[in-house]
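Note sheet for the following structure.
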Amino acid sequence: MNGKVEGFGPVYDDNSLLLVLGSFPSVKSREVQFYYGNKQNRFWRVVASHFGEETPQTVEDKLCFLKKHRIALWDIVTECEIVGSKDETIKNFKVADVKSLLQNSNIKYIILNGGKAYSIFYDNFGDTDIPYIKLPSTSPANTRFDEKEWHDAISAAFSIT
């Protein structure tokens, strides 16, 4: 891929308590212009199952789901050079202004979706007072995914009030 590719802005409101930070949108997510757009990605299925709901399908349904459950979404990289959807090829990247988001929201807990998101977050915002946790990536490429870790982290996030 030649040149930089842009990601998406943050999705949050004044009621958001949990921030899920990924690395950078996949090719399929960029095609549909929304987070976790690859139907093989486990994110929407796992989060919906945590709340005992059907997996939202449309962008509008996903936005309603996020608002209802007080979940914010963003990616730690807002712009980069990338080959396909592979995190290991991310280079020349711009880091999201997470500090500003945290200062202007009510986020109480941060889930970092995968190792790349965690390492960039830690290098730039690791000293935040807000609790955060690295979880296995929901990407279909991750063979070591553990749904229980996600359920435990979501439960922990909403126990902090």
Side-chain angles (χ1 to χ4, degrees), residues 5-13 15-30 34-38 40-51 55 62-63 65-67 69-82 84-161:
V5 181
E6 287 190 32
F8 312 133
V11 174
Y12 74 103
D13 66 20
N15 296 313
S16 300
L17 295 177
L18 168 62
L19 171 60
V20 178
L21 273 176
S23 54
F24 190 76
S26 68
V27 170
K28 293 205 189 251
S29 294
R30 295 191 307 263
F34 201 69
Y35 295 93
Y36 306 105
N38 182 340
Q40 302 306 312
N41 191 297
R42 302 169 184 101
F43 177 80
W44 292 109
R45 179 184 54 77
V46 169
V47 177
S49 74
H50 180 81
F51 292 102
T55 304
K62 291 171 182 177
L63 285 166
F65 178 90
L66 294 170
K67 184 173 183 157
H69 294 291
R70 305 183 319 182
I71 299 170
L73 289 183
W74 205 7
D75 286 316
I76 193 68
V77 172
T78 60
E79 185 180 290
C80 68
E81 293 176 27
I82 187 170
S85 302
K86 298 179 190 294
D87 279 359
E88 61 270 16
T89 68
I90 291 174
K91 64 181 184 178
N92 299 322
F93 58 89
K94 182 176 175 187
V95 177
D97 189 1
V98 174
K99 188 173 186 177
S100 178
L101 175 73
L102 297 177
Q103 288 171 342
N104 294 295
S105 70
N106 293 305
I107 301 295
K108 304 285 187 235
Y109 197 85
I110 303 167
I111 289 176
L112 297 148
N113 190 351
K116 187 70 164 186
Y118 174 82
S119 65
I120 295 171
F121 176 86
Y122 186 81
D123 288 347
N124 291 275
F125 308 105
D127 61 350
T128 183
D129 292 336
I130 296 174
Y132 57 92
I133 186 172
K134 172 184 156 187
L135 290 182
S137 172
T138 56
S139 166
N142 179 18
T143 58
R144 296 175 186 221
F145 181 75
D146 183 345
E147 188 167 332
K148 182 182 182 320
E149 284 186 64
W150 272 83
H151 287 292
D152 290 348
I154 294 168
S155 293
F158 289 103
S159 70
I160 299 172
T161 50

(request) Report yes if some heavy atom in the side chain of Ser85 is under 4.5 Å from a heavy atom in the side chain of Val27; otherwise report no. (result) yes
(message) So which atom in Phe24 and which in Glu6 form the shortest heavy-atom distance, rounded to 0.1 Å?
(response) CZ-C, 3.7 Å
(request) Measure the acute angle between the ring planes of Phe121 and Phe125, then classify it against the limits of 30° and 60° as parallel, tilted or perpendicular. (result) tilted
(request) Would you name the heavy atoms of Lys148 and Asp152 that are closest together and state the gap between them? (result) NZ-OD2, 2.6 Å
(request) Show the numbers, then the answer: is there a side chain to side chain contact (heavy atoms under 4.5 Å, CB included) between Lys99 and Leu101? (result) CA-CA 5 Å; Lys99 188 173 186 177; Leu101 175 73; over 6 Å; no
(request) Report yes if the side chains of Val98 and Asn124 come closer than 4.5 Å at any heavy-atom pair, otherwise no. (result) no
(message) Would you say that Trp74 contacts Leu19 through its side chain, given a criterion of any heavy-atom pair below 4.5 Å between the two side chains?
(response) yes
(request) Can you see which heavy atom on Arg42 is nearest to which on Ser139, and at what distance? (result) NH1-O, 2.7 Å
(message) Testing the basics here: between Ser137 and Phe145, what is the closest heavy-atom pair and its distance to 0.1 Å?
(response) O-CD1, 3.2 Å
(request) Give a yes or no on whether the backbone of Ile154 and the side-chain of Tyr109 come within a donor-acceptor separation of less than 3.5 Å. (result) no
(request) Would you check if Pro136 and Trp150 make a side-chain contact, meaning some heavy-atom pair closer than 4.5 Å? (result) yes
(message) Which heavy atom of Ile107 sits nearest to which heavy atom of Ile130, and what is that distance?
(response) O-CD1, 3.5 Å
(message) For the backbone of Ser16 and the side chain of Asp13, can you confirm whether one donor and one acceptor N or O come within less than 3.5 Å of each other?
(response) yes
(message) Are more than 12 heavy atoms, taken from residues, nucleotides or ligands other than Phe8, located less than 6.0 Å from that residue's CZ atom?
(response) yes
(message) When you compare the side chain of Ile110 with that of Leu102, does any pair of heavy atoms fall below 4.5 Å?
(response) yes
(request) Report yes or no: does Ser23 contribute a side-chain atom to a donor-acceptor pair with the main-chain N or O of Ala117 at less than 3.5 Å? (result) no
(message) Tell me whether the rings of Tyr36 and Trp44 are parallel (<30°), tilted (30 to 60°) or perpendicular (>60°).
(response) perpendicular
(message) With rounding to the nearest 0.5 angstrom, report the OG1 to CZ distance, Thr78 to Phe93.
(response) 10.0 Å
(request) Compare all side-chain heavy atoms of Ile71 with those of Val47 and state whether any distance is below 4.5 angstrom. (result) yes
(message) Are the side chains of Val95 and Ile76 in contact, using a 4.5 Å heavy-atom criterion?
(response) yes
(request) Please report the closest heavy-atom contact between His69 and Phe158, naming both atoms and the distance. (result) O-CZ, 3.1 Å
(message) Quick check: do Tyr35 and Asp75 have side-chain heavy atoms less than 4.5 Å from each other?
(response) yes
(message) Between Asp87 and Lys116 (side chain of the first, backbone of the second, donor and acceptor by atom type, cut-off under 3.5 Å), is there such a pair?
(response) no
(message) Any donor-acceptor pair under 3.5 Å linking the side-chain atoms of Ser26 with those of Asn38?
(response) no
